[in-house]
Trainee: 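This is the structure I have questions about; it appears just below.
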Number of protein chains: 2
Amino acid sequence: MLNKSDCQKCSNDKNSIFKLLNKQERSIFENNKQCTSYKKNEIIFKEGDMPSGLICLCYGKVKLIKEGVGGRDQIIRMENSVNFIGFRALFAGEHYIASAVAIEDCTLCYLDKKTLDKLIKANGNFALEIITILAKELGVSNERTLSLTQKHIRGRLAESLLVLINTFGYEDDGKTIKVYLSREDLANLSNMTTSNAIRTLSMFASEGVISIEGRRLSVEKFETLKNISSLG
Amino acid sequence: MLNKSDCQKCSNDKNSIFKLLNKQERSIFENNKQCTSYKKNEIIFKEGDMPSGLICLCYGKVKLIKEGVGGRDQIIRMENSVNFIGFRALFAGEHYIASAVAIEDCTLCYLDKKTLDKLIKANGNFALEIITILAKELGVSNERTLSLTQKHIRGRLAESLLVLINTFGYEDDGKTIKVYLSREDLANLSNMTTSNAIRTLSMFASEGVISIEGRRLSVEKFETLKNISSLG
DNA sequence: CAATGTATGTGTTTTATAACACAAATTTAA
DNA sequence: TTAAATTTGTGTTATAAAACACATACATTG
């Protein structure tokens with residue numbers, strides 16, 4: 001458990017929704033938040049757990065993984081800082097439907113549900129912003145369902161790479177995707193077997209669309225990747 | 001366009017979220033709502049349209065259908081009265097990602113976005129309820145993605161039948177599903193081709209799990225249906 | 001009420017992708 | 001610093017489901 005002051009990102013990040021709070025509300029938030037950290041590969045929460053508060057991912061990267069039929073897990077979401085994780089279950093008043101696993105060392109902030117509800121009830125713009133976040137997320141999920149069910153393997157993998165680019169961006173070279181996943185994770189994100197992820201990734205490389213150095217994936221032909229994603 | 005007083009369901013239905021409004025807020029709602037009706041098969045809104053207000057389905061049944069890759073449409077949602085339709089896009093500030101089609105004669109209520117936002121900002125409990133609805137819906141969508149991608153045909157179709165029972169209930173005989181869909185709609189709901197929906201439905205019938213009379217589907221062995229859904 | 005279109009039903013073929021099997025490389029642990 | 005475990009890579013086989021091709025039944029309409 002870190003000192004409260006160790007984490008300023010949750011409220012000071014440029015996109016932080018806590019900026020919508022007024023001075024007094026803001027201090028309620030600051031006085032009730034709690035910071036923690038997790039090492040790479042540690043489980044932040046497990047599918048089936050009951051959420052007790054809002055979790056803000058301040059530093060690090062997280063995958064949200066859901067147990068599938070017969071051991072075939074599905075990654076339903078990749079999250080970069082600064083963003084919330086596990087807020088769906090919290091707001092729905094339900095158990096988590098996926099587990100959150102740190103894929104890098106992470107720092108998190110907690111805010112208990114009671115305080116959060118108080119802030120939502122007190123500040124209409126804050127409430128509306130949460131409504132917007134959930135509604136956008138629901139759109140993403142609906143689109144994702146269509147992609148995962150109707151696109152072919154190449155399209156699904158290409159789309160996953162685009163999602164990773166969108167979520168994590170590039171390294172300084174402007175082409176290496178700023179996240180390092182196992183082939184298995186890439187497969188679970190793209191709804192395919194690990195062997196097919198490996199094979200398809202190699203195909204992309206041999207076509208010059210990407211280049212591969214272990215888990216380092218660099219995009220060489222972005223437009224081609226987008227084409228594969230939308231046509232596949 | 002009907003007279004305002006023709007529709008009382010949107011605010012008087014036992015589960016209506018408008019019951020959370022106080023007297024004054026309630027009258028704002030009543031004074032600004034507009035009622036319309038649609039005939040069976042009419043399009044209420046189209047994928048790509050921009051929403052202008054909240055739509056409450058007061059009478060009738062609706063399917064929400066999304067264009068897929070190469071003409072393979074997907075039904076992303078079935079809605080019964082009294083419930084909202086198209087609220088996701090409205091709250092996200094985005095275009096509709098699916099079209100709403102009346103599968104029976106329908107009566108709808110509209111409430112413009114401006115008035116709705118006013119009510120959300122004014123009433124924290126109302127805001128929290130909308131947050132809960134969206135969060136639950138996002139959970140359903142995540143579960144659905146897993147089912148549609150990982151279950152086999154039999155499991156997917158069985159699950160769709162369970163969804164229909166859950167949404168529309170039974171006729172007075174306590175076993176006939178209270179909605180009459182084409183085989184194509186059933187297929188689009190279950191992510192399969194029409195022929196496979198027909199074939200699988202026949203299999204269920206020959207196994208005695210359901211009985212079929214045209215579009216009338218009656219559940220003979222509910223537990224078996226649940227087993228097929230969860231194991232498939 | 002014929003005629004045309006649409007929905008349903010069934011068999012056959014094709015294909016995308018999972019499943020399996022194993023080898024090589026890499027990482028982790030002893 | 002060797003052994004064990006895990007991850008990556010590749011070829012082969014098996015299979016679930018799409019695609020295709022008709023036939024029949026049912027609706028709709030001129």
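Note that this is a predicted model, so its numbers are computed, not measured. In what follows, chains are A, B, ... by sequence order, proteins preceding strands, each numbered from 1.
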Trainee: A:His152 has a side chain; which of D:dA18, C:dA16, C:dT10 sits nearest to it?
Mentor: C:dA16

Trainee: Heavy atoms within less than 4.0 Å of DNA chain C: which residues of residues 203-219 of chain B have one? Give them sorted by number.
Mentor: B:Arg215

Trainee: Between C:dA18, D:dA17, C:dT8, which nucleotide gets closest to the side-chain atoms of B:Ile153?
Mentor: D:dA17

Trainee: Please evaluate residues B:Met78 and B:Leu181 with respect to the criterion side-chain contact (heavy atoms from CB on, under 4.5 Å), reporting the C-alpha separation (whole Å), side-chain torsions for both, the decisive distance (0.1 Å), and the verdict.
Mentor: CA-CA 11 Å; B:Met78 299 293 301; B:Leu181 297 177; 3.9 Å; yes

Trainee: Using a strict threshold of under 4.0 Å (side-chain N to carboxylate O), is an ion pair present between B:Lys66 and A:Glu143?
Mentor: yes

Trainee: Would you kindly give the CZ-to-P distance between A:Arg199 and D:dG9, to the nearest whole Å?
Mentor: 12 Å

Trainee: Going by heavy atoms in the side chains, are A:Leu90 and A:Tyr96 under 4.5 Å from each other?
Mentor: no

Trainee: More than 12 heavy atoms of other residues, nucleotides or ligands under 6.0 Å from CG of B:Asp172: yes or no?
Mentor: no

Trainee: Can you find a side chain N or O atom of A:Arg156 that sits less than 4.0 Å from OP1 or OP2 on C:dT17?
Mentor: yes

Trainee: What is the distance from CG of B:Asn196 to C1' of C:dT12, rounded to the nearest Å?
Mentor: 13 Å

Trainee: Test your reading of the model: is there a side-chain donor-acceptor pair from A:Ser206 to the backbone of A:Met203, 3.5 Å cut-off?
Mentor: yes

Trainee: Using OP1 and OP2 only, check whether a side-chain N or O of B:Ser182 sits under 4.0 Å from C:dA7.
Mentor: no

Trainee: Do any side-chain nitrogens or oxygens of B:Ser202 fall under 4.0 Å of OP1 or OP2 in C:dT10?
Mentor: yes

Trainee: Would you kindly give the CD-to-C1' distance between A:Gln150 and C:dT17, to the nearest whole Å?
Mentor: 17 Å

Trainee: Mind checking if A:Asp185 touches a base, just sugar-phosphate, or nothing, with heavy atoms under 4.0 Å?
Mentor: nothing

Trainee: Ignoring hydrogens, what is the shortest heavy-atom contact between A:Thr132 and B:Phe91? Give both atom names and the distance.
Mentor: OG1-O, 3.4 Å

Trainee: Could you tell me whether the phosphate oxygens of D:dG9, OP1 or OP2, come under 4.0 Å of any side-chain nitrogen or oxygen in A:Arg183?
Mentor: yes

Trainee: Please report the end-to-end axis angle for the helix from C:dC1-D:dG30 to C:dA30-D:dT1, five pairs per end, rounded to 10 degrees.
Mentor: 50°

Trainee: Between B:Gln74 and A:Thr149, do the side chains contain a donor N or O and an acceptor N or O under 3.5 Å apart?
Mentor: yes

Trainee: For B:Lys151 and D:dA16, what is the distance between atoms NZ and P respectively, to the nearest whole Å?
Mentor: 18 Å

Trainee: Can you list everything that forms a side-chain hydrogen bond (donor to acceptor under 3.5 Å, both in side chains) with B:Asn80? Sequence neighbours excluded, please.
Mentor: none

Trainee: Nearest-Å distance, CG (A:Asn188) to C1' (D:dT7)?
Mentor: 14 Å

Trainee: A:Ile198 side chain: which of C:dG9, D:dT10, C:dA18 is closest?
Mentor: D:dT10

Trainee: Please say which of B:Glu171, B:Glu213, B:Arg216 ends up in a side chain to side chain donor-acceptor pair (under 3.5 Å) with B:Thr176.
Mentor: B:Arg216

Trainee: Using a heavy-atom cut-off of 4.0 Å across all strands, would you classify A:Thr194 as base, sugar-phosphate, or nothing?
Mentor: nothing

Trainee: Within this structure, what is the CZ-to-P distance between A:Arg72 and C:dA19, rounded to whole angstrom?
Mentor: 6 Å

Trainee: A:Arg154 CZ to C:dA16 P: how many Å, rounded?
Mentor: 12 Å

